[in-house]
Amino acid sequence: MALLARLEHIVKDFGAVRALDNVSLDINEGEVLGLMGDNGAGKSTLVKTIAGNFQPTSGSFLFQGRPMSFSGPADARREGIEVVYQDLAICDNLTAAANVFLGREMMRRLGPLRVLDHGGMNSRAAELFRELKSETRPADLVNRMSGGQRQAVAIARTRLSRSRIVLMDEPTAAISVRQVAEVLALIRRMKDQGLSVILISHRMPDVFEVCDRVVVMRRGRKVADKMISQSSPEEVTGLITGAIQSA
Amino acid sequence: MNSPNPPSMDIDLLKGSSRPWWNRLLMSQEAWVALAILILGLIVSMISPKFATSGNLLNVFQNACFIAIMALGMTPVIIIGGIDISVGSILGMCAVTLGVLLNADVPIVIGILGALLMGILCGTVNGAIIAYFRLPPFIVTLATLSIGRSLALIITNNQVFYEFGQSTQSIIAIGGGYTFGLPNVVYALIVGLIVLHFLLTMTRWGRYLFAIGGNEPAARLAGIPVDLIKISAYAFSGFMVAVTAVFLVGWLGAVTNAIGTGYELQVIASTVIGGASLTGGTGSALGGAIGALLVEVIRNALLIAGVNPFWQGTFVGSFILAAVLLERIRSLRR
Ligand SMILES: Nc1ncnc2c1ncn2[C@@H]1O[C@H](COP(=O)(O)OP(=O)(O)OP(=O)(O)O)[C@@H](O)[C@H]1O
Ligand SMILES: [Mg+2]
């Protein structure tokens, strides 16, 4: 597999708190990478650093062979890095299609004016949901949707442009078993389309079901980086709690 | 979910995209308010023949227009989850600006332009403080309410302007005149209504207002310039207040430094009664306007029915509560 991105010696301090401590990590093309660790281990911080929400205190980030320094998430998105945030970052009072296109609305001409292309956005969003095999209706308000459908809305957002990598922060937390299966299927579909995915999860079965590789973080450090086939849930649990120092 | 193609997908799409228009209309707060206006009107015309005369109805309508135009301005502010309780004082500042300029015998265009700029300036100051210092809008506009009224007193030195030089005729014609049998201010309201409806439903600006009111952090993550949009919402409110000031001054034929005092209550009441939620994320152009009409009909009905005017506040307040409760009930049913 070809190398897509490389983190080298990334450090991130929040005042006195060292959230990321010398983290180096390779991300390959078309790979699903599981990122695990206890609460506060630094998983979200790592993802937000890749996505341009945070600037690293030190260390470098190479993307497609070029060194990157993002001043905000819009920069990262331009390079093809998309995020599904832990709290989903969805507007409940808008429709599914409006959320998918938020900040990137399709416009059409109306005489001398440029106006929102509601029809165009609805049909493009419907297409994306169909690709994701999700029964989400573009013109429905998000506040009436199930957790799985909301997840589909957040994921459809990442499919608008030619993204290369999708970072997902706990997409399976707080949704039902059936919806978890739905989200895992969505992840597999992204992988099939050649995307790289980083999946943050506390759920061992999810990681072992869809991931190719697992990285374990503990107190800001990377303590393991293994192929799923060469690890086991017992070993990963030990690494997360610290019963096993590193692997 | 594992089937290659959800069979009913396209049919669902058509069915789910929108309810029938009559259903949506019945669900809307605007429809309920319109019904309330009708019922109230019927009751009062049965009590007194004075209500349903064309003179009185026109009077109600004209009064409602002033509040309605300001309610249109308030709507984007409420949609982003903000509030502007300084509108009465901004109205004072704009009217005083107009009074001072016209009193100095400038052409009417300059006077009106000055008043509009003053409105936009006041709104921008409100918005900038709220957006950049991250202060609660209620407190910020409470402060500017106090500052604005005090500045109006200082500028006028407590004198009343009723001498408008070369523009006396024109300003009174604008505010007090009729075109095709309707007061000019009615046309201002209709134009404002159409423009705001267009802005809210067809432009990025409108879409972003709703996004900010729905989930501000999400709007930021989506790359929306949240602070600028916030400032523009308050500036828009200031602009609409200035428009009101021009018509109101022309109608009254004078500028007192107390002009607009207490208007914030009626304006906010209109917006809320029209269906905008103070928690942000909802609101419509028609809602604010029709809410203003209801408030004015209540006031007029009480007057005509011979009820002691001290009761007005109680009735308006009760309608605010009823509107908020109705909003809550409808959102539970969704
Ligand atoms: N914006 C911030 N400001 C200050 N400290 C922060 C910030 N974000 C995270 N931290 C700190 O950095 C550390 C790592 O947090 P992070 O959110 O990355 O953990 P996590 O692994 O995602 O945990 P969880 O599983 O609970 O989501 C924590 O100590 C946290 O308090
Ligand atoms: Mg986290």
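Every chain is numbered from 1 and lettered A, B, ... according to where its sequence line falls, protein lines coming before strand lines.
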Using a strict 4.0 Å threshold on nitrogen-to-oxygen distance, state whether A/Arg104 and A/Glu82 make a salt bridge. yes
Bottom line for A/Asn99: the part with an atom under 4.5 Å from chain B's heavy atoms is neither
Salt bridge A/Asp75-A/Arg78, side-chain N to carboxylate O under 4.0 Å: yes
Determine, for A/Arg124 against A/Glu127, whether the closest basic-nitrogen to carboxylate-oxygen distance falls under 4.0 angstrom. yes
Identify which part of A/Ala98 has an atom lying under 4.5 Å from any heavy atom of chain B, answering side chain, backbone, both or neither. both
Most heavy-atom pairs under 4.5 Å with chain A, out of B/Gly223, B/Gly206, B/Pro217, B/Gly214, belong to B/Gly214
Salt bridge check, A/Glu209 against A/Arg188: does any charged N sit closer than 4.0 Å to a carboxylate O? yes
In terms of heavy-atom proximity below 4.5 Å to chain B, should A/Leu102 be classed as side chain, backbone, both, or neither? both
